[in-house]
Amino acid sequence: MKKYIYKWHRTFSLIIALPVLLWASSGFLHPIMTNIRPKIATQWLPPLPVDTAKIKIPLEQALQKNHIDRFANTRIITIGGQPFYQVRLPNQPQLVYISTQNGRRLTNGDELYARHLARQFLEGVQDQPAVLPAGNDWMTDCCKNATVAVLDEAKGAKVSSVELVQDFDNEYNYINRLLPVYKVSFARADGIRVYVETGQDRFAFAMDNKREVFDRLFTFFHTLGWLDALGRFKHVVELLVMSMAFLTTLMGIYIFFSTKTKKPHGNEVLKARRNHRWVSIVVALFTLMFTFSGGFHAFSKLAPDDTGRYFVQPVFLATDIHLDMERLQQAIGPARRITNISLVRWNNTRYWQVFNDPAASGNQPAGDKPPTHQPPVTTDLMKSQSAAAPTTIYVDAEDYHILEQGEEQYAQYLATVFSKHPATGIIKTELVTKFTDEYGFVNKRLPVWKLSYALNNNERYYVETSTGRLATRINDKALVEGYSFALLHKHEFMAWAGKPVKDFSTMFWAGAQVAMITVGLILYSRSRRRKKRNAV
């Protein structure tokens with residue numbers, strides 16, 4: 001039996017040597033990739049208070065003037081000192097921008113705003129003063145002024161192209177989660193591209209030429225991007241190779257403890273065999289960790305992830321909406337500064353989602369819970385892993401009364417829509433403002449609400465109320481795979497020591513896999529040469 005195990009171990013080792021070598025060497029690169037990210041000024045833009053004095057045209061009139069009778073949502077944004085209604089049309093990826101001062105539509109508004117956001121993320125928040133042609137009325141030329149402010153590239157890098165991205169591709173892949181986004185490319189030596197989500201003023205991703213090289217290598221060798229044409233069968237291939245590697249390691253451990261190490265006495269083959277035995281047994285635990293978690297992860301990928309299909313986007317009639325900013329301000333209290341608005345609907349009731357800054361006063365309006373401890377605002381979500389708690393207030397669009405605990409109620413509504421479970425089935429509602437072992441950085445969205453059920457292996461839904469989207473759903477069964485991949489594959493068990501130590505652990509043991517395979521291949525090569533010489 002031992003003879004057959006030794007034979008299978010050697011045969012399996014030769015089959016898996018190349019893919020495991022590629023996986024280990026590219027895995028060694030991954031921590032390096034996370035530390036050579038393109039340098040940008042910030043990943044977060046501070047919300048600006050809405051200047052109600054510049055809202056001359058009511059929302060409903062602005063919509064009607066532009067022949068928009070149905071819309072999905074609206075916000076107020078500022079470009080070059082000029083405020084605009086940002087309007088989302090049903091089933092349209094590009095947003096429409098209408099001046100709050102004269103009701104004119106901004107030509108190519110979504111692309112201009114993408115440029116505006118990308119430059120601020122890349123180079124930092126800068127004032128963009130209104131620069132109007134002399135002698136013209138400032139309201140008449142507000143759209144021209146905004147366009148001039150964005151296209152003025154006297155300072156900073158020039159924009160070489162702006163592209164709407166509606167599907168994931170080789171550069172902007174599924175790991176980034178957010179769609180649609182704009183890819184704004186800058187004419188710089190490093191070829192940097194900044195991806196932004198205009199509907200939320202959100203930084204999505206950045207890529208430069210140096211990072212691109214590492215990403216291509218990682219995609220080709222680690223995630224086997226060249227097998228993508230196989231669809232889900234690609235994960236079957238990965239699972240088979242990982243399973244074979246796992247069994248090979250177990251057989252190697254058996255061989256180590258069931259045989260004795262011979263002293264080489266100058267014999268190069270015996271020396272290589274001894275080195276391979278000891279290197280392998282030292283790294284065997286981590287080989288089992290990498291292969292088991294990798295195989296488990298590949299198995300979980302066999303079920304398609306349809307999270308992106310879950311979102312709520314009601315359609316509103318322009319004639320049914322009346323936005324009164326003065327009444328909104330009175331409803332939430334004069335001490336709070338309105339930084340933006342949005343419109344949601346549930347239980348046949350429309351609510352203004354009022355985003356605000358309560359920092360100016362400790363007074364809270366009726367129906368609003370005092371804000372919890374606010375973590376420091378971050379400019380790098382990957383490093384801080386946290387975001388500020390929402391201060392959103394929900395105001396009835398008809399009578400302008402505040403909805404008690406509006407954030408929690410809306411989160412519960414979203415969960416019932418996505419889960420198809422009744423609201424009475426929710427056993428716990430929690431605000432999540434930082435990434436955790438369960439809700440990791442891979443999900444990208446913060447802050448979110450976690451709604452827990454006692455059904456389907458304790459199912460949990462994480463929802464983002466600011467967009468009405470499902471961030472992720474998980475249950476105890478899926479959590480096992482998540483913990484397996486995080487702890488065994490990405491070495492999150494070393495997170496307590498900090499990212500540098502965790503990265504070193506990952507790189508060291510990935511490098512050890514490379515050493516083990518290399519020594520094994522040298523052993524096999526020398527053995528083959530010896531057999532050929534003896535045959536002659």
Side-chain angles (χ1 to χ4, degrees), residues 38-51 53-57 62 66 75-87 93-165 180-209 339-340 379:
K39 292 184 178 180
I40 60 172
T42 183
Q43 292 185 15
W44 179 83
L45 300 178
L48 301 175
V50 174
D51 186 353
K54 290 186 178 181
I55 301 180
K56 305 294 184 181
I57 303 293
N66 287 272
R75 296 195 310 143
I76 297 176
I77 59 95
T78 301
I79 307 177
Q82 304 297 327
F84 293 87
Y85 293 115
Q86 184 192 65
V87 182
Q94 290 184 303
L95 307 177
V96 173
Y97 296 73
I98 303 173
S99 172
T100 66
Q101 298 169 110
N102 56 28
R104 290 185 179 180
R105 182 167 174 169
L106 179 64
T107 304
N108 297 324
D110 215 22
E111 290 188 15
L112 287 172
Y113 194 50
R115 283 174 174 255
H116 169 72
L117 293 176
R119 185 173 296 281
Q120 291 194 84
F121 287 128
L122 180 62
E123 300 175 349
V125 179
Q126 301 175 0
D127 293 331
Q128 289 187 305
V131 182
L132 289 171
N136 289 339
D137 183 84
W138 65 278
M139 286 180 61
T140 302
D141 285 334
C142 61
C143 290
K144 182 177 181 180
N145 182 45
T147 303
V148 170
V150 173
L151 298 181
D152 179 15
E153 297 180 333
K155 296 180 180 180
K158 296 183 181 298
V159 174
S160 58
S161 66
V162 181
E163 177 186 349
L164 177 64
V165 178
V181 294
Y182 276 91
K183 173 185 177 181
V184 183
S185 302
F186 290 85
R188 294 196 333 187
D190 61 359
I192 194 166
R193 289 85 78 188
V194 179
Y195 291 79
V196 298
E197 185 185 28
T198 54
Q200 289 291 310
D201 302 346
R202 182 150 49 188
F203 169 83
F205 182 60
M207 175 70 81
D208 62 9
N209 295 338
T339 57
N340 222 315
T379 59

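Side-chain atoms are counted along with the backbone in the values below, which use heavy atoms only and exclude waters and symmetry mates. If you're wondering where the values come from, they're calculated on a predicted model, not measured in any experiment.
Of the possible polar contacts, none joining the Arg115 side chain to the Leu151 backbone as a donor-acceptor pair under 3.5 Å is found. Panel note: side chain Asp201, backbone Leu117; no donor-acceptor pair is recorded below 3.5 Å. A donor-acceptor pair is defined here as one N or O able to donate and one able to accept, closer than 3.5 Å; no such pair exists between the side chain of Gln94 and the backbone of Leu164. One N or O on the side chain of Glu123 and one on the backbone of Ala157 form a donor-acceptor pair closer than 3.5 Å.
Nearest heavy atom pair, residue Ile79 against residue Ala146, reads O-CB, 3.5 Å. Between Asn209 and Ala189 the shortest heavy-atom distance is ND2-O, 3.6 Å. When all heavy atoms of Gly80 and Asn145 are compared, the pair lying nearest together is O-ND2, 3.4 Å. Shown here for Ile192 and Pro38, the closest heavy-atom pair between the two residues is CD1-CB, 3.7 Å.
The distance from atom CG of Leu95 to atom CG of Asp110, rounded to the nearest 0.5 Å, is 4.0 Å. With rounding to the nearest 0.5 Å, the separation of NZ in Lys54 from CD1 in Ile76 is 12.5 Å. How far OG1 of Thr147 is from CD of Glu111: 11.5 Å, rounded to the nearest 0.5 Å. Residue His116 holds its NE2 atom at 7.5 Å from CG of Leu45, rounded to the nearest 0.5 Å. Atom CZ in Arg193 sits 9.5 Å away from atom OG in Ser160 (nearest 0.5 Å). Between the CD atom in Glu163 and the NZ atom in Lys183 there is a gap of 5.5 Å [rounded to 0.5 Å].
Taking the side chain as every heavy atom from C-beta outward, Ile40 and Leu122 approach each other to under 4.5 Å. Contact of the Ile55 side chain with the Val50 side chain is registered, since non-hydrogen atoms from C-beta on lie closer than 4.5 Å. Side chains of Thr107 and Lys144 form no contact here, defined as non-hydrogen atoms less than 4.5 Å apart. Between Leu106 and Leu112 there is a side-chain heavy-atom pair separated by less than 4.5 Å. Proximity of Ile77 to Tyr97: side-chain heavy atoms (C-beta onward) are separated by under 4.5 Å at one or more points. The shortest distance between side-chain heavy atoms of Cys143 and Gln82 does not fall below 4.5 Å. Using a 4.5 Å heavy-atom threshold, the side chains of Arg119 and Val150 count as separate.
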(message) Does Ile98 form a side-chain contact (heavy atoms from CB on, under 4.5 Å) with Phe84? I'd like the steps, not just the answer.
(response) CA-CA 5 Å; Ile98 303 173; Phe84 293 87; 5.8 Å; no

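Among the candidates Tyr195, Phe205, Tyr182, the single residue satisfying the side chain to side chain contact (heavy atoms under 4.5 Å, CB included) test with Val165 is Tyr195.
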